[in-house]
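Presented below is the structure to which this report refers.
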Amino acid sequence: MFVIKKLIGGLLMPLPLFGLFTCLMLLLAFKGRKSALFLSTLSLVVLLALSTPFIANLIIHNNEPTSLAFNALKHPKIDKIVVLGCDINPNSALSSNNQLGNCALTRLVEGVKLAKHYPNAELIVSGGGYQNTTNSGLMYQTAISLGINKSRILQNPKAMDTAAEAKLLAPKLVDFKVALVTSVLHMPRAKDLFNAQGIEVITAATDYHNFAVLPWYKQFIPNAQALMVVTQYAHEVIGNAWITVRRWANPEAL
């Protein structure tokens, strides 16, 4: 079920969705269907538009509120700092930090910053992986290299998605002040899943974007980073839809 969910979710992302649709329509167009040629062209135009910083900014502008960032002035004490997993690039020839993707590394830096601000707090690094390498393991090693004592760090290596992270960590977080670190686009869904497990969290969002500051002539040139951010947003939309379906089918599921 997990693999099927990830496979379907991945195919519904902008690049594979519009790319495959374009290929299908072009195939039909070669068979004489003029409407297919129009639809394939439209699909390609939409994909290119979603890849421009201007459109990407319109999509994410209201979905990356600064209110989700952590404010230390409002929280004199934190007991647990939970850093959720993200992308990894396993390669045993590289150091642990070089095996963390940009998203994972950004989250960990925020977690380490909080751990240094709250020296008595426990740092929990979460996330499974593949090829015998886990997100939590790489974060653990990187956090140590950044000056965090290993006795303060707890790993959660068995969780393969956010729902599993919330479920597995909940028993360790009850009655504690918990700072939850994840990407800002991911934060609403993550917070919802932890709340559903009875854990109130203090948001510590990171991984913000601001395409509006780019010069006007770059706003309309498609680039990979803009498409990546739109893909992250699409991932959250589909993730929330999946949670809604699961809860409709079984209110105790998530």
Side-chain angles (χ1 to χ4, degrees), residues 2 5 63-86 103-104 106-129 134-140 143 148 151-208 232 235-254:
F2 174 79
K5 179 186 75 171
N63 294 287
E64 293 193 340
T66 55
S67 60
L68 293 178
F70 189 83
N71 186 343
L73 297 177
K74 294 182 179 180
H75 306 288
K77 180 185 178 184
I78 291 292
D79 301 310
K80 310 277 186 178
I81 302 163
V82 177
V83 181
L84 300 185
C86 198
C103 169
T106 299
R107 295 180 185 184
L108 180 62
V109 168
E110 181 70 12
V112 168
K113 183 188 77 172
L114 292 179
K116 290 188 175 183
H117 187 81
Y118 300 97
N120 295 320
E122 181 179 44
L123 178 64
I124 302 175
V125 289
S126 182
T134 66
N135 221 301
S136 61
L138 293 175
M139 286 187 173
Y140 174 82
I148 304 300
S151 64
R152 294 180 59 196
I153 309 173
L154 175 68
Q155 294 188 57
N156 181 39
K158 295 182 179 180
M160 295 301 292
D161 59 20
T162 311
E165 288 180 305
K167 187 173 182 179
L168 291 172
L169 288 174
K172 301 178 177 64
L173 304 177
V174 176
D175 296 329
F176 288 106
K177 287 188 176 295
V178 180
L180 181 65
V181 181
T182 190
S183 303
V184 63
L185 287 173
H186 181 230
M187 183 61 79
R189 182 162 64 95
K191 184 176 184 293
D192 176 47
L193 289 168
F194 274 84
N195 289 168
Q197 295 294 328
I199 306 301
E200 291 295 325
V201 298
I202 299 165
T203 60
T206 186
D207 199 17
Y208 281 83
Q232 290 174 356
H235 179 84
E236 294 308 314
V237 170
I238 293 172
N240 282 317
W242 174 249
I243 290 173
T244 300
V245 171
R246 288 287 304 277
R247 287 175 176 170
W248 174 79
N250 177 11
E252 302 297 324
L254 297 172

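Numbering starts at 1 and runs along the sequence shown. These numbers were taken from a predicted model, which means no experiment stands behind them.
In this structure, Ser126 and Met139 approach most closely via the heavy-atom pair O-SD, 4.3 Å. The minimum heavy-atom distance linking Ser67 with Thr203 is given by the pair O-OG1, 4.2 Å. The two residues Ile153 and Ala143 come nearest to each other via the heavy atoms CD1-CB, 3.8 Å. Taking each heavy atom of Met160 and Gly128 in turn, the nearest pair found is SD-CA, 3.8 Å.
Side chain of Arg152 to backbone of Ala115: a donor-acceptor contact under 3.5 angstrom is found. The backbone N or O of Gly137 sits less than 3.5 Å from a side-chain atom of Thr134, completing a donor-acceptor pair. Checking side-chain atoms of Asn240 against main-chain N and O of Glu236 turns up a donor-acceptor pair under 3.5 Å. A donor-acceptor contact shorter than 3.5 Å is absent between the side chain of Arg107 and the backbone of Thr206. Using a distance-only test at 3.5 Å, with no hydrogens or angles considered, no donor-acceptor pair links the side chain of Asn63 to the main chain of Leu185. In terms of modelled atom types and a separation under 3.5 Å, the side chain of Asn195 and the main chain of Ile199 share a donor-acceptor contact.
Within the model, atoms CG of Leu180 and NZ of Lys191 stand 9.5 Å from one another, a figure rounded to the nearest 0.5 Å. Within the model, atoms OG of Ser136 and CG of Leu154 stand 9.0 Å from one another, a figure rounded to the nearest 0.5 Å. To the nearest 0.5 angstrom, Gln232 atom CD is 5.5 Å from Asp207 atom CG. We find the CZ-CE distance between Phe194 and Met187 to be 9.5 Å, quoted to the nearest 0.5 Å.
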For residues 68-84, please give each side-chain donor-acceptor pair under 3.5 Å, one per line with the distance, not counting sequence neighbours.
unit_1 : atom_1 : unit_2 : atom_2 : d
Asn71  : OD1    : Leu73  : N      : 3.0
Asp79  : OD2    : Lys177 : N      : 2.9
Lys80  : NZ     : Glu122 : OE1    : 2.6

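The pair Glu110-Lys113 meets the salt-bridge criterion, since a charged nitrogen lies less than 4.0 angstrom from a carboxylate oxygen.
The local environment of CG in Asp175 is sparse, with at most 12 non-hydrogen atoms from other residues, nucleotides or ligands closer than 6.0 Å.
Looking only at side-chain heavy atoms (C-beta outward), Glu200 and Val178 stay at 4.5 Å or farther from each other. Within the 4.5 Å cutoff, side-chain heavy atoms of Arg189 are placed close to those of Leu193. Residues Thr162 and Thr182 form no side-chain contact, since every pair of their non-hydrogen atoms from C-beta on lies 4.5 Å or further apart.
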Requested in this report: Before giving the answer on side-chain contact (heavy atoms from CB on, under 4.5 Å), spell out for Ser183 and Thr106 the whole-Å C-alpha distance, their side-chain angles and the decisive distance to 0.1 Å.
Outcome: CA-CA 8 Å; Ser183 303; Thr106 299; over 6 Å; no
